[in-house]
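Below you'll find the structure, written out as structure tokens, and then a few comments.
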Amino acid sequence: MSGVERQSKRRRVVDAGDTPIAYSLSSQHPYGVRPAGEGLGRPGCRGSGLGSLRVLSDTLLLDILEMLSPDELGRLGRVSRAWYVLSHDSDLWKSHAIHLATQCSAASPPPLPTQAPPDPVAAVAPVTPVPLVLGPQPAHGAQSVPGSSSGGSVEAGPLPSLGHLRFRSTWKDTVATMVAARAGRPSPALHTPLQISGFFSDTMFSAWLCSSIVVPPEWTAVENVDRRSKLSLAEFRDEYEVPNHPVVITDVVPTWPAFKSWRLQYLLKTSAGIEFEAGPVSLPLDAYWEYAKSTTDESPLYVFDPRFGEKVEQLAQDYTTPEYFSEDLFSVLGSARPNYRWLIIGAAQSGSTFHVDPNGTSAWNATITGAKKWILLPPNIPPPGVHPNADGSEVTAPVSLAEWFINFYPSLRELATPPIEFVSKAGDLVFVPSGWWHCVLNLEDTENPGAPVVALTQNFVSSANLSIVCRFLRDRRDQVSGCSSDDAALSLYERFAKELRIQHPEFAKLIDSEPVTSERLPTLWDSMRRSESAEDAAPFSFSF
């Protein structure tokens, strides 16, 4: 994680000192950190423990600590109580764990012994850290500019392999275990955190708060989406696709072989030796399953692989594209089409922050196991706390789903246009219309605790959204995503239009539609100005 990314992230974390906490938490802070507001007028360990560096913010101190090796972090943690807390920041150790894993060969990981030396930190040898951005996963597989809602990127090259990563309790334990295994030493004992009194920090407390909240019932209570079964193709088109309105179809996914077979053992067997993309890295499913069972990350790693069908052909044979979405006009490009389908596997509290699907496309999303909380808003109505720039290429938003829910979910009730909200359960098929803002939060599987949610999604172009897609490809070329190169992205409109005219001349008028003239989207500054000028509006405040 780069210092710039961390600094941006930490500034956007909820203000633990001002936000009333009315949520159940899964645990206490492992190191006893409390919100900064509780330290007002009370002696703390920060000033004396940090020495002359006490004048620096915790955000800046964590940026500096990113330059230290695991061994140096371990030594620093012995200096004082304050340095002990800061040096155990989870993101610091997560970055080191991923870097260590990428240094290993692509062979299967060595067996990990179980006996332990007394001090796990002492066993960690220096390793030169590599900055890695480990924030929320980009929407639909695009390696995009941080904060972008719609891509503007090309398909990434091979991702760093985590084939040697075996998550163990915490990221620090994982680092210590990996280093011990590489040196042929027994695995160290699990780290036991010390409860430190007198350390007050919104930066560190807020990140833990977002990762530890138990999803309250009110987050999943609203169900206002149309649920349909035995829906004819004509009814779907007339009532949902052409009006561009979401719907959940309940009787398609249960007919797939995937619905019955995509459980842990089947997936591990069919994908043995294969690694899948999970944000900035790739890893085998058995390693991801181990991670998903015990992670407490604020934004957990999230399998989102656009080439699963090429990697494991059996998985692509376990389902069929629903007839409602069989008109797939990007198929005229053959293998040169942009990324369009993804295997999704996510731990509880992972998911996609608010975004609009790429290239003007619509999408369908099938939940195979588990459950997902959905929130959708119509085009040109950005969610509270989400501020796109004028053309939608950049978005300022909370860094994690939990952070957004804590700060902004209650504000949905104030919108003139209510959002569409629901929980998709195993067997549900969701239609996501073109241009709709949406976020998806993976929920804890109450029937199989610790098991990640498994889903499929596919983006498509049909005659109903063809004019939207063509205008996007033509007028927003810098935002086209999922292509193999910059040149392929910039020329996608011409290549797509040419093939469509040859293979589907009946769509020529839709291809040549007029340029987009939609109203400019509100920016963060617009929101501030509205808050200051509206007579009945509450004053604008920064809820970071």
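Index from 1, following the sequence. Computed from a prediction, not measured in an experiment: that's the story for all the values here.
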Verdict with supporting geometry, D297 and W171, side-chain hydrogen bond (donor to acceptor under 3.5 Å, both in side chains): CA-CA 9 Å; D297 287 347; W171 285 110; 2.9 Å; yes
Trace of the side-chain hydrogen bond (donor to acceptor under 3.5 Å, both in side chains) decision for R168 with T174: CA-CA 5 Å; R168 188 169 184 239; T174 301; over 6 Å; no
Step-by-step salt bridge (Lys or Arg N to Asp or Glu O under 4.0 Å) determination, E72 to R78: CA-CA 10 Å; E72 291 165 339; R78 299 188 182 101; over 6 Å; no
Side chain proximity check, L65 to W83, heavy atoms < 4.5 angstrom: yes
Note: K311-E275 ion pair, threshold 4.0 Å (strictly below): no
Nearest non-hydrogen partners of T170 and D173, listed with the distance: OG1-OD2, 2.9 Å
Test item: L73 and L92 side chains (from C-beta on) under 4.5 Å apart, heavy atoms: yes
Verdict with reasoning, S424 to T367, per side-chain hydrogen bond (donor to acceptor under 3.5 Å, both in side chains): CA-CA 7 Å; S424 67; T367 305; 3.0 Å; yes
Aromatic plane relationship, F167 with Y291 - under 30° parallel, 30 to 60° tilted, over 60° perpendicular: perpendicular
Worked verdict on Y31 versus Y84 for ring-ring contact (aromatic ring centres under 6.0 Å, His included): CA-CA 9 Å; Y31 299 100; Y84 176 84; 5.6 Å; yes
Aromatic ring pairing H88/W93, orientation class (parallel under 30°, perpendicular over 60°, tilted between): tilted
Set of ring pair (Phe, Tyr, Trp, His ring centres under 6.0 Å) partners for W436, sequence neighbours left out: H245
Test side-chain hydrogen bond (donor to acceptor under 3.5 Å, both in side chains) applied to D391 and S393, step by step: CA-CA 6 Å; D391 65 359; S393 61; 2.7 Å; yes
